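Input: a single structure, listed below in structure tokens.
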Amino acid sequence: MPAGIDGTAVIKQMRQRYGITIAGGQDHLKGKIIRVAHIGYVSEFDIITAISGLEMTLSDLGYGVRPGAGVASAQATFAGTRA
């Protein structure tokens, strides 16, 4: 997580406001990292949705995010992996 942003708050905000469930860090990483769940099938769309929700959540919590930067990067990466 960026300095000054609590990962626990990110998890709560994403679930309550955007309906996106992510996981937090454990032990010494609690509140410092988040994890995008990937149990079962996850599509490119699922990842892009999670990244978009993370961008909006970070913005909601006061962290300066350039809207769409993470989504654009993910889309470019996915485009480069398609046959």
Side-chain angles (χ1 to χ4, degrees):
M1 290 286 83
I5 300 293
D6 178 16
T8 305
V10 170
I11 294 165
K12 183 177 179 182
Q13 176 85 349
M14 284 185 70
R15 183 175 296 130
Q16 289 180 348
R17 184 160 183 175
Y18 300 109
I20 299 170
T21 301
I22 60 172
Q26 300 168 331
D27 298 326
H28 69 283
L29 294 177
K30 186 171 183 165
K32 297 179 182 178
I33 67 166
I34 59 164
R35 298 174 292 136
V36 175
H38 55 77
I39 295 175
Y41 179 78
V42 177
S43 70
E44 292 176 2
F45 182 76
D46 296 323
I47 299 299
I48 289 169
T49 300
I51 292 171
S52 178
L54 178 58
E55 288 178 343
M56 293 185 294
T57 297
L58 289 172
S59 181
D60 293 344
L61 296 174
Y63 186 76
V65 175
R66 188 171 50 119
V71 170
S73 181
Q75 287 177 323
T77 298
F78 291 139
T81 62
R82 291 189 194 111

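Everything quoted here is computed from the prediction, not taken from an experiment.
- Here Gln75 contributes atom CD and Ile47 contributes atom CD1; the two are 13.0 Å apart, rounded to the nearest 0.5 Å.
- Using a distance-only test at 3.5 Å, with no hydrogens or angles considered, a donor-acceptor pair links the side chain of Thr49 to the main chain of Phe45.
- When all heavy atoms are compared, the tightest approach of Ile51 to Ala74 is CD1-CB, 3.7 Å.
- Expressed to the nearest 0.5 Å, how far CD1 of Ile20 lies from OG1 of Thr57 amounts to 6.5 Å.
- No side-chain donor-acceptor contact under 3.5 Å links Glu55 to the backbone of Pro67.
- For the residue pair Val36 and Ala50, the shortest heavy atom distance occurs at CG1-CB, 4.2 Å.
- Closest approach of Pro2 to Tyr63, counting heavy atoms only: CB-CE1, 3.2 Å.
- In plain terms, the two heavy atoms of Ala23 and Ile11 that are nearest each other are C-CD1, 3.7 Å.
- Here the closest non-hydrogen pair linking Asp46 and Tyr41 is OD2-O, 4.3 Å.
- Atoms CD and OG1, on Glu44 and Thr81 in that order, are 5.5 Å from each other to the nearest 0.5 Å.
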Q | Chi angles and distances behind the side chain to side chain contact (heavy atoms under 4.5 Å, CB included) call for Ile34, Met1 | A | CA-CA 7 Å; Ile34 59 164; Met1 290 286 83; 3.8 Å; yes
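- No path of Ile, Leu, Val, Met, Phe, Trp and Tyr side chains, each step under 4.5 Å between heavy atoms, connects Ile33 with Ile22, placing them in separate hydrophobic clusters.
- The main-chain N or O of Ala69 is never found under 3.5 Å from a side-chain atom of Ser73 such that the two would form a donor-acceptor pair.
- For Leu54 against Met14, the heavy-atom pair with the smallest separation is N-CE, 3.6 Å.
- For the atom pair CD (Gln13) and CG (Leu61), the distance works out to 5.0 Å, reported to the nearest 0.5 Å.
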